[in-house]
Amino acid sequence: MIRFGLCCIFKEEPIRFGRATAGFLLKFSPAERRERLSKICLANAQSLFRALAFCRQNGIGCFRINSQILPLKTHPDLGYEVSDLPDAKTIMDTFKACGRFGRDHDIRTTFHPDQFIVLSSPHADVVARSVADLEYQAEVAGWVNADAINIHAGGVYGDKASALMRLRETVEMLSDPVRKRLTLENDDKSYSPRDLLPVCEDMQIPLTYDVHHHRCLKDGLTLEQATAQAAATWNREPLFHLSSPEKGWESGAPRHHHDYIDIRDLPKL
DNA sequence: AGCGGTCAAGTTGAT
DNA sequence: ATCAACTTGACCGCT
């Protein structure tokens with residue numbers, strides 16, 4: 001039995017996730033900043049609960065949580081600890097209620113840190129900021145009981161083997177909350193399933209197989225082989241990504257994602 | 001209320 | 001050299 005999931009944002013349902021901008025917040029006193037951030041964080045925790053309730057009501061088994069659920073959490077000037085926010089207890093309690101709801105109704109949650117999270121970068125500061133962001137998402141993942149923090153392998157920098165070696169070294173140093181949830185996903189430009197499978201198998205990192213990306217960046221593996229080999233890297237229910245090209249496979253840019261999925265793109269197997 | 005410029009961050013490939 | 005793309009529009013000053 002396959003469960004299907006939703007991704008981050010609602011268009012029709014009145015469920016919204018707020019954000020904040022650094023330039024605006026910096027105009028206020030530190031206390032005022034914490035007050036504003038606290039309100040957004042609390043509203044987002046409550047929105048997440050309603051998102052999960054929507055999933056339950058509509059037979060949806062998985063929900064991807066957006067990376068700015070706690071806005072500016074690791075920003076160099078405005079970063080904060082949830083425990084320092086005025087609504088800290090309510091925020092954490094609400095997230096934990098999301099976790100119980102997900103457990104009670106078997107709704108899986110996942111994270112997908114954005115493109116700035118790059119563990120293969122040769123720049124130490126980029127890696128350090130990336131790790132900080134992973135730590136923040138793992139903290140929330142602990143509250144909401146999310147079992148996957150899924151990232152891409154990042155850049156190649158002209159030498160894929162060296163880049164993957166840097167990634168492996170960084171993974172070795174991750175904290176346990178991040179490490180036990182970390183998964184790698186094949187992308188559409190640089191890293192195919194064949195590139196990532198050896199890393200995933202060696203280090204026991206599950207591979208999130210994205211069939212759309214694989215169709216854009218082929219590697220000699222068939223869809224069936226990649227699916228089976230990716231599934232074998234999971235010590236729990238595997239996670240897959242599926243999407244459709246915005247203007248069809250015959251267009252010049254099949255990489256662009258459509259808002260909806262063409263059922264013909266769902267692999268028969 | 002609505003419009004438009006802007007928003008923390010990395011890397012790649014198309015133009 | 002610029003820019004869109006990536007998992008996803010939302011925020012905020014101005015009129």
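Just so it is clear, the model here is predicted, and its values are computed rather than measured.
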Item to check | For A:Tyr136, all residues meeting ring pair (Phe, Tyr, Trp, His ring centres under 6.0 Å), sequence neighbours excluded | outcome: none
Item to check | Whole-Å gap separating P (B:dA8) and CG (A:Asp133) | outcome: 14 Å
Next on the checklist: According to ring pair (Phe, Tyr, Trp, His ring centres under 6.0 Å), who are the partners of A:Phe95, at least two apart in sequence or on a separate chain?
Outcome noted: A:Trp143
Item to check | Spacing between A:Lys189 atom NZ and C:dC6 atom P, to the nearest angstrom | outcome: 9 Å
Checklist outcome for this item: In terms of heavy-atom contacts, A:Cys55 and A:Ile107 come closest through CB-CD1, 4.2 Å
Checklist entry - Atom CZ in A:Phe101, atom CZ in A:Arg56: separation rounded to 0.5 Å? => result 6.0 Å
Checklist entry - Ion pair present between A:Arg264 and A:Asp262, side-chain N to carboxylate O less than 4.0 angstrom? => result yes
Next on the checklist: Side chain of A:Leu72, heavy atoms from C-beta onward: which of B:dT12, B:dT11, B:dA8 has the nearest atom to it?
Outcome noted: B:dA8
Atom pairs and distances, donor-acceptor, side-chain atoms in residues 21-36 of chain A, under 3.5 Å, two or more places apart:
residue, atom, partner, partner atom, Å
A:Ser29, OG, A:Glu32, N, 3.1
A:Glu32, OE2, A:Arg36, NE, 2.9
A:Arg33, NE, A:Leu25, O, 3.4
A:Arg33, NE, A:Phe28, O, 3.0
A:Arg33, NH2, A:Phe28, O, 3.2
A:Glu35, OE2, A:Lys39, NZ, 3.0

Next on the checklist: Of the options B:dG10, B:dA8, B:dG13, whose atoms approach the side-chain atoms of A:Pro76 most closely?
Outcome noted: B:dA8
Checklist outcome for this item: The complete set of salt bridge (charged side-chain N to carboxylate O under 4.0 Å, His left out) pairs with one or both residues in residues 230-245 of chain A, sequence neighbours excluded, reads A:Arg3-A:Glu237, A:Asp147-A:Arg236
Checklist outcome for this item: In whole angstroms, the gap separating C1' of B:dG13 from OH of A:Tyr157 amounts to 15 Å
Next on the checklist: OP1 or OP2 of B:dA9 versus the side-chain N and O atoms of A:Thr74: is any pair under 4.0 Å?
Outcome noted: no
Checklist entry - Once Watson-Crick and G-U wobble pairs under 3.5 Å are found, how is DNA chain B written in dot-bracket notation, 5' to 3', with | for any base paired to another strand? => result |||||||..||||||
Checklist entry - How does protein contact run along nucleotides 7-15 of chain C, one letter per nucleotide 5' to 3', with B for base contact, S for sugar-phosphate only, - for none, heavy atoms under 4.0 Å? => result BBBSSSS--
Item to check | Whole-Å distance separating the CG atom of A:Leu119 from the P atom of B:dA9 | outcome: 19 Å
